[in-house]
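All remarks here apply to the structure that follows.
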Number of protein chains: 2
Amino acid sequence: MGIKKTLLEDIAKELNVSKTLVSMVINGKGDAYGISKKTQEKVLAKAGEMEYTPNVFARALRTGKSHLIALLVADISNPFYSNIAKYVEKELASKGYNLMICSTDENVEREEKLISLFAEQHMIDGLIIATTNTSGEYFKKERLRNFPIVFIDRYLPDIESNYVVANNYQGSLEITELLIQKGCKNILALNITPSHISSLTERVKGYKDALKKHDISFKDENLLEISFDNIQNDVKEKLTKRLKQGQKIDAIYTLNNHIATACLNVFNEIGFDAKKEGVYFASFDNISLFDFVKPNIISVSQPLEQIGIEAANLALHLIDSKGMDASTFKKIVLPTSIISRD
Amino acid sequence: MGIKKTLLEDIAKELNVSKTLVSMVINGKGDAYGISKKTQEKVLAKAGEMEYTPNVFARALRTGKSHLIALLVADISNPFYSNIAKYVEKELASKGYNLMICSTDENVEREEKLISLFAEQHMIDGLIIATTNTSGEYFKKERLRNFPIVFIDRYLPDIESNYVVANNYQGSLEITELLIQKGCKNILALNITPSHISSLTERVKGYKDALKKHDISFKDENLLEISFDNIQNDVKEKLTKRLKQGQKIDAIYTLNNHIATACLNVFNEIGFDAKKEGVYFASFDNISLFDFVKPNIISVSQPLEQIGIEAANLALHLIDSKGMDASTFKKIVLPTSIISRD
DNA sequence: ATATAAATCTAAACTTATTTAGAAATTGTT
DNA sequence: AACAATTTCTAAATAAGTTTAGATTTATAT
């Protein structure tokens, strides 16, 4: 292993002091423990010279703090999550914390295994999670009580929790209204099923309420439920079928970026030209490349940077006020914006 | 902190055995240490019943292994990296390792700080990195000698190292040849500068060699160097200028997905319609949404999954054969493919 | 029954830091 | 100079595992 790592004890020996003292100084507690300025300087100088870096495991073992926070997302390759991840990391780095990003692959068991590994064993100090779980049952475990957890994107209705989400209801309401203003009456919405996920149910609610608000009656045939396991094929089958029967569609509105991409693929496959057909295409979630995609996409943009920053800071807050504040849950709901691309 | 965590000692006391024995059994070394089957069963049953999970810090402190591998990328929000990250994680998870993904923001100091924090302190067992460093100097440090490091995407020419990269030269050669076959003579390439990065220099080389191979002389005015700090503006300025002067362009070829996106933005801004102008648009790197972007993009697709899997396994191999194998470096170069989208 | 070998188990050391309780050195007071 | 009060520092305990060296117990051979 190349060269031996410098230990506290090595510095202590060099300076003929105790490792206790060295530890105190290096942790910035020299003044608090009444170590003379001169000694402090000596220690810091020697530590620098010997390139001392503390062993994080020994430190974490003793203190119970790792300065590590984990971010669990369903799929890190989804730009929605990878962008949030970037901002979470940046914010945490500025506060002396490191981020572990893990992708659960929308797999509940894997999510629970990771939480168990990281959180229950206190490998991490806090957890930020876009959960794929549909019930809060798992999070009620005794071991997770009082563990700092921040939900992002999605929260679980059946437990009290701290969360940072976009205003899915409002965003969905607004984009639907925009379509209505453009003259659309028959707006076909595509949702993922099973969708106990809070963000999606609220988007559906926003869609329906917008219709109601403008006296358009909701029709079952205008909400396609796409099976998560088989998005591409399911969109192809159900969309093709719907396009052929039922009332003519004025707009297609996908409730997340996954379905949007699947739709675009299907448009290509079946040779459906939305522009020619006079059909608007809209989607919740915004991806920068949407700017160049044909057909034009009207989209709801979530404040990714803000979600990241708020989630990071909320996690740090929970860590600092461990237990003190356990009774009050912070629920942060951030506004979305519509990108219309006419 | 809710309920007290179960310790080895707790199990030992319950069963009236030593914690040594419990540790051995739990680590699957019961047979090796000659613990009777009956006792082993007893221990495992009790451990399950008491929901024992080992303290990773204590374990790592004693063994020097954390079963953690870090993946450092320049920008996790870049789909190229986030996709690789997904596959690396999946592969490692299947082998009992966990992945820490960190984004260095193309910032050399941050990269070095993270490496120092993770690798030099042995917080991680291995490192997979798309380095933003331009020289291998930092990696020659005594402390990093023999530390398992796998470079991905980019390697440093001035040091011997283990790496997994796409065949950037070949891919660039092929896409340039494809453009030439389509009748292009004046192919404008846009590169990032400063580009000591191996992947980019090889793409430039592939581009130039393709021209040479087809007896087309390379012109300086057909290779724009875009400043990394200011991609968008720089592309706008230099591309606009080039479009107005010099010989007419037959194709625009961006050397990575960042510049491709910047170009698309500029096309929009200045109202340049590549199709109308009869200009092909090509880019190294492929993003799934490219399928729907106008103008059509001819692109070089890198084998993201394969890169991820190979990198993960190479890292694990290095960890296993710590030091044994230090003299032979594995250099894995994977083939790319062209996606032509006519 | 006794010595030897094999099987099974354990006490204590060890990993590297932090923290507690208290010792030693210095300063101040009379 | 004697005693108290500060200031400065340290030995030892501690975190929770793994590993080493060796102790017991059981089985086998004579």
Side-chain angles (χ1 to χ4, degrees), chain A residues 1 4-44 46-47 50-68 117 120-123 125 143, chain B residues 1 4-44 46-47 50-68 117 120-123 125 143:
Chain A
M1 202 107 14
K4 208 184 155 296
K5 204 169 169 299
T6 301
L7 306 181
L8 270 191
E9 201 139 26
D10 301 331
I11 301 174
K13 268 182 199 148
E14 285 277 319
L15 296 174
N16 262 309
V17 294
S18 70
K19 64 172 181 172
T20 304
L21 184 152
V22 177
S23 167
M24 289 165 166
V25 172
I26 283 178
N27 287 296
K29 297 176 186 162
D31 287 343
Y33 281 112
I35 310 300
S36 72
K37 288 284 180 220
K38 219 197 322 190
T39 309
Q40 291 195 41
E41 279 165 29
K42 241 178 20 182
V43 169
L44 291 174
K46 186 58 87 177
M50 296 177 77
E51 297 189 29
Y52 173 76
T53 50
N55 178 305
V56 283
F57 298 120
R59 175 177 274 180
L61 175 59
R62 181 61 232 241
T63 62
K65 309 206 127 296
S66 63
H67 279 242
L68 256 181
L117 177 62
E120 295 187 44
Q121 299 180 18
H122 296 262
M123 176 162 182
D125 295 343
R143 291 265 186 76
Chain B
M1 199 96 32
K4 209 185 155 293
K5 204 170 167 303
T6 302
L7 306 181
L8 271 191
E9 202 140 25
D10 300 331
I11 300 174
K13 268 183 200 149
E14 285 277 320
L15 297 174
N16 262 308
V17 295
S18 70
K19 65 172 182 172
T20 302
L21 185 152
V22 177
S23 166
M24 289 165 167
V25 173
I26 283 178
N27 287 296
K29 297 175 185 162
D31 288 343
Y33 282 111
I35 310 299
S36 71
K37 290 283 179 220
K38 219 206 297 193
T39 310
Q40 291 194 42
E41 278 164 30
K42 244 180 12 185
V43 169
L44 291 174
K46 187 55 87 176
M50 296 177 78
E51 297 189 29
Y52 172 76
T53 51
N55 177 305
V56 283
F57 297 120
R59 176 178 271 180
L61 176 60
R62 179 61 230 241
T63 63
K65 309 205 130 293
S66 63
H67 279 241
L68 255 181
L117 176 63
E120 297 187 41
Q121 298 179 21
H122 295 263
M123 175 162 182
D125 294 344
R143 291 264 186 77

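Just so we're clear, the structure is a prediction, and the values are computed from it rather than from any experiment. Reminder, nothing fancy here: chain letters follow the sequence lines and each chain counts from 1.
You'll find that the side chain of A:S23 is closest to C:dT18, out of C:dT15, C:dT18, C:dT10. Listed candidates were C:dT18, C:dA13, D:dA16. Nearest to the side chain of B:R62 is C:dA13. Nearest nucleotide to the A:T63 side chain, out of D:dA16, C:dT19, C:dA12: C:dT19. Which of D:dT20, C:dT18, D:dA16 sits closest to the side chain of B:M24 comes down to D:dT20.
Atom-to-atom, CG of A:L8 to P of D:dA11 comes out at 14 Å; the value is rounded to the nearest Å. Look at NZ on A:K65: it is 16 Å from C1' on C:dT19, rounded to the nearest Å. Per the geometry, CD1 belonging to A:I35 stands 15 Å off P belonging to C:dT26, to the nearest Å. Protein atom NZ of B:K38 is 13 Å distant from nucleotide atom C1' of C:dT8, rounded to whole Å. Whole-Å rounding puts the B:K13 NZ to D:dA16 C1' distance at 13 Å. A:I26 has its CD1 atom 14 Å from the P atom of C:dT19, to the nearest Å. Counting to the nearest Å, the P atom of D:dT18 and the CD atom of B:E9 are 13 Å from each other. When the C1' atom of D:dA15 is taken as reference, atom NZ of B:K5 falls 12 Å away, rounded to whole Å.
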(Q) Test side-chain contact (heavy atoms from CB on, under 4.5 Å) on B:L8 and B:I26; report intermediate values, then the result. (A) CA-CA 9 Å; B:L8 271 191; B:I26 283 178; 4.0 Å; yes
message: Pair A:K5, A:T53 - check side-chain contact (heavy atoms from CB on, under 4.5 Å), show working.
response: CA-CA 8 Å; A:K5 204 169 169 299; A:T53 50; 3.5 Å; yes
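Heavy atoms of A:N16 sit under 4.0 angstrom from primed sugar atoms or phosphate atoms, though from no base atom. In this structure, A:L7 reaches the sugar-phosphate backbone alone: every heavy-atom distance under 4.0 Å involves primed, P, OP1 or OP2 atoms, never a base. Among the heavy atoms of the strands, none lies under 4.0 Å from B:V56.
Note on A:D31 versus A:K37: salt bridge recorded, some NZ/NE/NH1/NH2 to OD/OE distance being below 4.0 Å.
Between A:T20 and the phosphate of D:dT10, there is no side-chain N or O to OP1/OP2 separation shorter than 4.0 Å. Close to C:dT18, at under 4.0 Å from its OP1 or OP2, lies a side-chain N or O of A:N27. Between B:Y33 and the phosphate of D:dT19, there is no side-chain N or O to OP1/OP2 separation shorter than 4.0 Å. Under 4.0 angstrom from either OP1 or OP2 of D:dT19 there lies at least one side-chain N or O belonging to B:K29.
Side-chain atoms of B:T6 never come within 3.5 Å of backbone atoms of B:E51 as a donor-acceptor pair (strictly under, hydrogens ignored). Of the possible donor and acceptor atoms, none in the side chain of A:S66 sits under 3.5 Å from a partner among the backbone N and O of A:A60.
Mapping A:N55 and B:K19 onto DNA chain C by nearest heavy atom places B:K19 closer to the 5' end of the strand. Take the nearest nucleotide of DNA chain D for A:A58 and for A:L21: the residue whose nucleotide is more 5' is A:L21. Each of B:S18 and B:L61 has a nearest nucleotide on DNA chain C; the 5'-most of these lies closest to B:S18.
Residues B:V25 and B:T39 fail the side-chain proximity criterion, which asks for heavy atoms closer than 4.5 Å.
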